[in-house]
Number of protein chains: 2
Amino acid sequence: MATTNKPVSAEIEALSAVLGTDASKLLDPTVARAWIALLTAYGRVTRALSSELMDASGMSLADFDVMAQLVRSEEYRLRMSELADAALISKSGLTRRIDQLAVNGWVTRRRCTEDGRVHWATLTPLGLRAFKGAAPAHLAAVAERFGSALPASEMERLTRDLLKIAAKNAEPINS
Amino acid sequence: MATTNKPVSAEIEALSAVLGTDASKLLDPTVARAWIALLTAYGRVTRALSSELMDASGMSLADFDVMAQLVRSEEYRLRMSELADAALISKSGLTRRIDQLAVNGWVTRRRCTEDGRVHWATLTPLGLRAFKGAAPAHLAAVAERFGSALPASEMERLTRDLLKIAAKNAEPINS
DNA sequence: CCCAGGTAGTTGCAGACGCAACTATACCCC
DNA sequence: GGGGTATAGTTGCGTCTGCAACTACCTGGG
């Protein structure tokens, strides 16, 4: 993902003049502010983390996430579908991400002998080393840019709130 | 953008086994969970809002945001740079977005007579109508998918927390 | 044994994005 | 005034993403 960033909304408030006097009935200003704050925080943090990770280790945030999933999996491997769901990306997106990681020699893709439809993506020793090299700085960056903004108790509350929002919008990425 | 979505990280925890025993020193699990929660909530909500808006009004979230900025501006117009900053996208991104909106007849682009470098992006009456048509449903969707998850007081706390995070990572998108 | 139906992945395609380089102005100062 | 520098936008380029269509393969029923 190099340095991609969701464009995304910004500012929904103050539309009353145009929509009539009831804009605040459509969207509570409190909610509007929170929404904008979410977009801003997300955008800034991911943009920064993304370019830092790329500069330091030559991998995109998406690459890191995919590899992180493999690292924590049995035998460092996962089926393509499982991996796509775990990394929150589409199946086609994962196919290409794995293509790339394979070129780097960080992951291999092998057809499953028992079920020919299935393919295993496996982290190579080289990939593991690359991940180990990248993780410390990246995790520290997350801690710094995101984690250090709030005390632990507040962070937990934030998590609960965000999970409630996520829960309201369930539905895995690969419908 | 139809249904674009940030891929983005997911799961940074449980790496201790691989990194040594100190993964939690690099990134507090509490922070890791919060980070993942943010990514998940953001991804799900924007994905849903994006496709709903596109289906209902034929405009992307980015289009909506840009038009929203113009709607709330003096004379429905803004200089390209101001608009890019306000809508949280890059200058080049805005150039193309405006190209598109201009094709739709929703926005015009005119060179400023006093300063030839400046270009004004102006919402057309047609654009205003399109925006008015799209806003109610979109705002309602934000209220439903995002706003309804938490009570007002909690929403305000969330806003404060997110703004603290955003503040820690200042730096406008167009450095 | 073969076909229908379902699952796993891949590919064609089109839409976005951002950075860096480039163009067009404006401004400043000698 | 002419040159150097700064600002506003645009364009070239490479990359990423997802959806829909397609291929490959397994499985169950007749």
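We name chains A, B, ... by the order of the sequence lines, and we start the count at 1 in each one.
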### Query
Does the side chain of B:Arg79 get closer than 4.0 angstrom to OP1 or OP2 of D:dT7 through an N or O atom?
no
### Query
Just how far, in rounded Å, is P of D:dT17 from CD1 of A:Ile98?
12 Å
### Message
Output the rounded distance in Å from CE (A:Met80) to P (D:dA24).
### Response
17 Å
### Message
I need the CG-P distance between A:Leu83 and C:dA8, as an integer number of Å.
### Response
14 Å
### Summary
Tracing side-chain contacts under 4.5 Å among Ile, Leu, Val, Met, Phe, Trp and Tyr outward from A:Val103 reaches none
### Task
Round to a whole Å and report the spacing from CG of B:Leu53 to P of C:dA16.
12 Å
### Query
Taking atom P of C:dC17 as reference, at what distance in whole Å does atom OH of A:Tyr42 sit?
13 Å
### Message
Expressed as a whole number of angstroms, how long is the span from B:Ile89:CD1 to C:dG18:P?
### Response
7 Å
### Query
With a 4.5 Å heavy-atom cut-off, do A:Phe146 and B:Leu38 have their side chains touching?
yes
### Task
Determine whether A:Gln69 and A:Val66 make a side-chain contact, defined as any pair of heavy atoms from C-beta on separated by less than 4.5 Å.
no
### Query
For the atom pair CD1 (A:Ile165) and OG1 (B:Thr40), what is the distance rounded to the nearest 0.5 Å?
11.5 Å
### Message
Looking at A:Asn169 and B:Arg145, would you say the former's side chain and the latter's main chain have a donor-acceptor pair under 3.5 Å?
### Response
yes
### Message
Of the listed nucleotides (D:dT10, C:dA8, D:dC16), which one gets closest to any side-chain atom of A:Ser81?
### Response
C:dA8
Please produce a list of atom pairs where a protein N or O lies less than 3.5 Å from an N or O of nucleotides 11-13 of chain C.
{"from": "C:dG12", "atom 1": "N7", "to": "A:Arg96", "atom 2": "NH2", "distance (Å)": "3.1"}
{"from": "C:dG12", "atom 1": "O6", "to": "A:Arg96", "atom 2": "NH1", "distance (Å)": "3.2"}
{"from": "C:dG12", "atom 1": "O6", "to": "A:Arg96", "atom 2": "NH2", "distance (Å)": "2.9"}
{"from": "C:dC13", "atom 1": "N4", "to": "A:Arg96", "atom 2": "NH2", "distance (Å)": "3.2"}

### Task
Hydrophobic side-chain clustering at under 4.5 Å (ILVMFWY, transitive links): who's grouped with A:Val118? Put none if nobody.
A:Trp120
### Summary
In numerical order, the residues of residues 108-123 of chain A whose heavy atoms come under 4.0 Å of DNA chain C are A:Arg109, A:Arg117, A:Val118, A:His119
### Between C1' of C:dC17 and CG of B:Asp63, the distance in whole Å
14 Å
### Message
What is the separation between atom CZ on A:Arg97 and atom C1' on D:dG18, rounded to the nearest whole Å?
### Response
13 Å
### Message
For A:Ser60, is there any backbone N or O sitting under 3.5 Å from a side-chain donor or acceptor partner on A:Asp63?
### Response
yes
Would you mind writing out the side-chain donor-acceptor pairs for residues 148-163 of chain B within the sub-3.5 Å range, not counting sequence neighbours?
{"from": "B:Ser148", "atom 1": "OG", "to": "A:Lys168", "atom 2": "NZ", "distance (Å)": "3.1"}
{"from": "B:Ser148", "atom 1": "OG", "to": "B:Glu144", "atom 2": "O", "distance (Å)": "2.5"}
{"from": "B:Thr159", "atom 1": "OG1", "to": "B:Met155", "atom 2": "O", "distance (Å)": "2.9"}

#### Entry: Contacts of B:Arg109 that satisfy side chain to side chain contact (heavy atoms under 4.5 Å, CB included) - sequence neighbours left out
B:Met80, B:Thr95, B:Ile98, B:Asp99, B:His119
